[in-house]
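None of these values were measured; they are calculated from a predicted model. In listed order, ligands and their atoms are each counted from 1.
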Amino acid sequence: MSWTTKSFEKYRLMAPGPVALHPDVLAALSQPMVHHRTPLFDQTLKKVLENLKLVFQTTQPVFIVNGTGSTGMEAALVNLLSPGDEVLCVVSGKFGERWRDMAKVLGYHVHTLDVTWGEAVNPQRVSDHLKKYPQTRAVLTQACETSTAVLHPIEELAKIIKAHSSTLFIVDAITAAGSLSLPMDEWGLDAVVAGSQKAFMLPTGLSFVAFSQKAQNYFQTSTTPRFALDLRLEKKANEKGETFYSSSVTLIRALEKSLNVMLAKGLQHWFHTQNRRALFTRFVFNELSLPLFSKSPSPSLTAARLPSDMDGQKLREHLETKYQLTVMGGQDGLKGKILRVGHMGHLEDSDLMAFAGALYLSLQDFGYQNLPAQNSFYEMCEKYLQDHP
Ligand SMILES: *Cc1c(COP(=O)(O)O)cnc(C)c1O
């Protein structure tokens, strides 16, 4: 067996967000509008707010913010911090830069902890910083830095930060929450931000933010100016079973469906299916002799280095135009040098096989020398999926 042109007739989206949508989500998106202050919608909202807590593994409320992940990040900062507060930003890629830039604009006193792209932060460095600057109000990091496909050691960082009673741990988990286990209460994370178009398998447009009890105490005292993102109002409305502003009815109804998919066989089973895709993707890159870029690979996306004489931007385009597969390339200094493959969203084994085939054939089209024989590669990929249910 091998790939045929038929294998690539379907368009496939394997970016680290947005992602392919589940059929139940697509169906929900096409339902007629209902008003958001109706018993029908109230039921949906209630269920969604409860199920979000299960995915965040918290007993605290999870807020739905209208706006992409960056809006959720901003909502976390403005509700917890005050201008002049000292914060430490872990900058290990593009999204760490976003935290840093956002925190500066909002008037916080920003220290950065620069981490080589492709590496995870060494928790000892955070510990050292907090000893030197005990007045640090918050540590900001990504759980998974999407620009480098690095997973940071969140549990270890949480342990260190917890020992500092007035320091908050604020985590951009936009490519982690819903894709891997990030037990917020158990680990003691103070704020966790997620986004709809990543592991939650929805269109872009919503973000989800949860806070520890300790963090919620800062809602009253933080003095960063805020109006639409003031979550005190949302919290009161949620307690009455409503949202403060107009609800994103369509997206929230779709969220009800995607949460059902995630929770259907239990959350740990869902995380297992996500991780299996990551393990398969690493297997594929390994068989094709393309080394992983990240020294701490993530279950949500995988990055691999391309041969230095290959133009990665062209390869990425070729995958799209010839094989109908969208993956991402590198950003900034990594432009053209790496491929980033997202495996969140609705993917079946046939999609994973198509990814392996499209990559193999594209590398062949580009004259890559280190390819195994096509038939045996195909069989190994199939066998891998069969042997790892
Ligand atoms: C996608 C992403 C974001 C948010 O991006 P938006 O375009 O605002 O949705 C933030 N952080 C990380 C780590 C991401 O992957």
**Request:** Just do the side chain to side chain contact (heavy atoms under 4.5 Å, CB included) check on Q60 and Q216 with the steps written out, would you?
**Result:** CA-CA 9 Å; Q60 298 304 316; Q216 286 170 65; 2.9 Å; yes
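Of all atoms in ligand 1, listed by their number and element, those nearer than 4.0 Å to a heavy atom of G69 are 4 (C), 6 (P), 8 (O), 9 (O). Ligand-side atoms of ligand 1 in range of C144: 13 (C), range being under 4.0 angstrom from any heavy atom. The atoms of ligand 1 that sit less than 4.0 Å from any heavy atom of T68 are 6 (P), 8 (O), 9 (O).
Put simply, the residue from T141, D114, L140 that forms a side chain to side chain contact (heavy atoms under 4.5 Å, CB included) with C89 is L140.
R305 CZ: 12 or fewer foreign heavy atoms inside a 6.0 Å radius.
Atom 1 (C) of ligand 1 has its closest protein heavy atom at K198 NZ, 1.4 Å. Here the protein heavy atom with the shortest distance to atom 15 (O) of ligand 1 is T146 OG1, 2.4 Å. Scanning the protein for heavy atoms near atom 3 (C) of ligand 1, the closest one is F95 CE2, 3.4 Å.
Residues L279 and L151 do not share a hydrophobic cluster, defined by chaining ILVMFWY side chains whose heavy atoms lie under 4.5 Å apart.
The structure places CG of N286 at 7.5 Å from CG of L292, a figure rounded to the nearest 0.5 Å.
Distances shorter than 4.0 angstrom occur between a heavy atom of M73 and an atom of ligand 1.
Salt-bridge formation is not detected for the pair E256/R253: no Lys NZ or Arg NE/NH1/NH2 atom is positioned less than 4.0 Å from an Asp or Glu carboxylate oxygen.
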